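Here the structure comes first, spelled out in structure tokens, and everything after it is commentary.
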Amino acid sequence: MTTVTLLHPGAMGAEVGAQAHRAGARVLHVPTGRGSASVERAQKAGLEAAESLGSALAVSDLVLSICPPHAAEDVAREVLEHAFTGVYVEANAISPDRALRIDAACRERGVVMVDGSIIGAPPGPDSAPRLYLSGDQEAVGRVAAVFEDTAVLARPLDAGVGAASALKMAFASFQKSARVLGLSGGSCRRRGAWHALPQALRAGGTPSGVVVGCRLPRALGFARAGGTPIASTPSSALQLHAPSPAHQRS
């Protein structure tokens, strides 16, 4: 049985921990210093309370850090102050540079870090978020196995630390721009101007690659997976075609 220390059982963390628990993992949390709502969520999720962080880490194979992004380094630092030599999963919405700094600190202590990013709403009957994982492939496989056949869809990436964090940042940017594109594109379509948008983008100095990027059928699935409302990426707003070579030269 794999033992996981979850830091911490917030709205997302508790539900992710519950999925691991239902799949057969032993999932610990540290109630010391946590609010009553956090403790209640952990109990509801079936998590096991540990006496202290040290006692939890002493028996854990993995640490799963799901905390407010601003606290990511502090949580990692607190873990690394203990004699933990398992796999540290940094699953917060942080930049690739921050992920790499945490990875460097982990390596100094002999800890393997897996870079993770959660895209989607907390897992539940109507929600199955993706957990993208990058870094040491053996460690990535161990983490993915914890969530096998659960509502947390582990998606290993064949890339190093920083890749999963970069994906999360790109998704967040896409999610915002997709909503804007859905609204403004809908207005163009209703007024009969949608077909002219690629030409206008090129004329305005938008790089050809960005114009090509306006053809978004593959990205639609990416947006849906992360919970972007379908109305924000309507099919009618995804029908711009890549400019022909002749148009690209014009």
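Values below: every heavy atom of this structure, side chains too, minus hydrogens, waters and symmetry copies. Computed from a prediction, not measured in an experiment: that's the story for all the values here.
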Side chains of D115 and S165: do they bring a donor and an acceptor to under 3.5 Å? yes
Lys/Arg N to Asp/Glu carboxylate O, D103 vs R107, below 4.0 Å: yes
I'd like to know if the side chain of E73 reaches the main chain of A71, judged simply by a donor and an acceptor atom lying under 3.5 Å from each other, with no hydrogens or angles considered. no
Checking N92 side chain against I94 main chain: does a donor-acceptor pair fall under 3.5 Å? no
Donor-acceptor pair, distance only, cut-off 3.5 Å: does the side chain of S127 make one with the backbone of P122? yes
Is there a donor-acceptor pair closer than 3.5 Å between any side-chain N or O of R130 and the backbone N or O of L153? no
Before giving the answer on side chain to side chain contact (heavy atoms under 4.5 Å, CB included), spell out for E48 and H29 the whole-Å C-alpha distance, their side-chain angles and the decisive distance to 0.1 Å. CA-CA 6 Å; E48 180 181 336; H29 76 107; 5.8 Å; no
Just by distance, do the side chain of R98 and the backbone of P69 share a donor-acceptor pair under 3.5 Å? yes
Specify the closest pair of heavy atoms between A164 and S134, including all atoms of both residues, with the distance to one decimal. N-OG, 3.2 Å
Are any side-chain N or O atoms of S38 and backbone N or O atoms of R34, one a donor and one an acceptor, separated by less than 3.5 Å? no
So, does S55 use its side chain to make a donor-acceptor pair with the main chain of S52 at under 3.5 Å? yes
Against R142, only a single residue in V87, D136, V112 fulfils side-chain contact (heavy atoms from CB on, under 4.5 Å); can you say which? V87
Please output the side-chain donor-acceptor pairs of residues 74-85 that fall under 3.5 Å, not counting sequence neighbours, one pair per line with the distance.
residue, atom, partner, partner atom, Å
D74, OD1, R77, NH1, 2.7
H82, ND1, E78, O, 3.0

For side chain to side chain contact (heavy atoms under 4.5 Å, CB included), just list the numbers for R26 and V4, CA-CA rounded to whole Å, side-chain angles, deciding distance to a tenth of an Å, and then say yes or no. CA-CA 6 Å; R26 180 189 184 195; V4 180; over 6 Å; no
Expected output: side-chain Q19 to main-chain T150 donor-acceptor under 3.5 Å: no
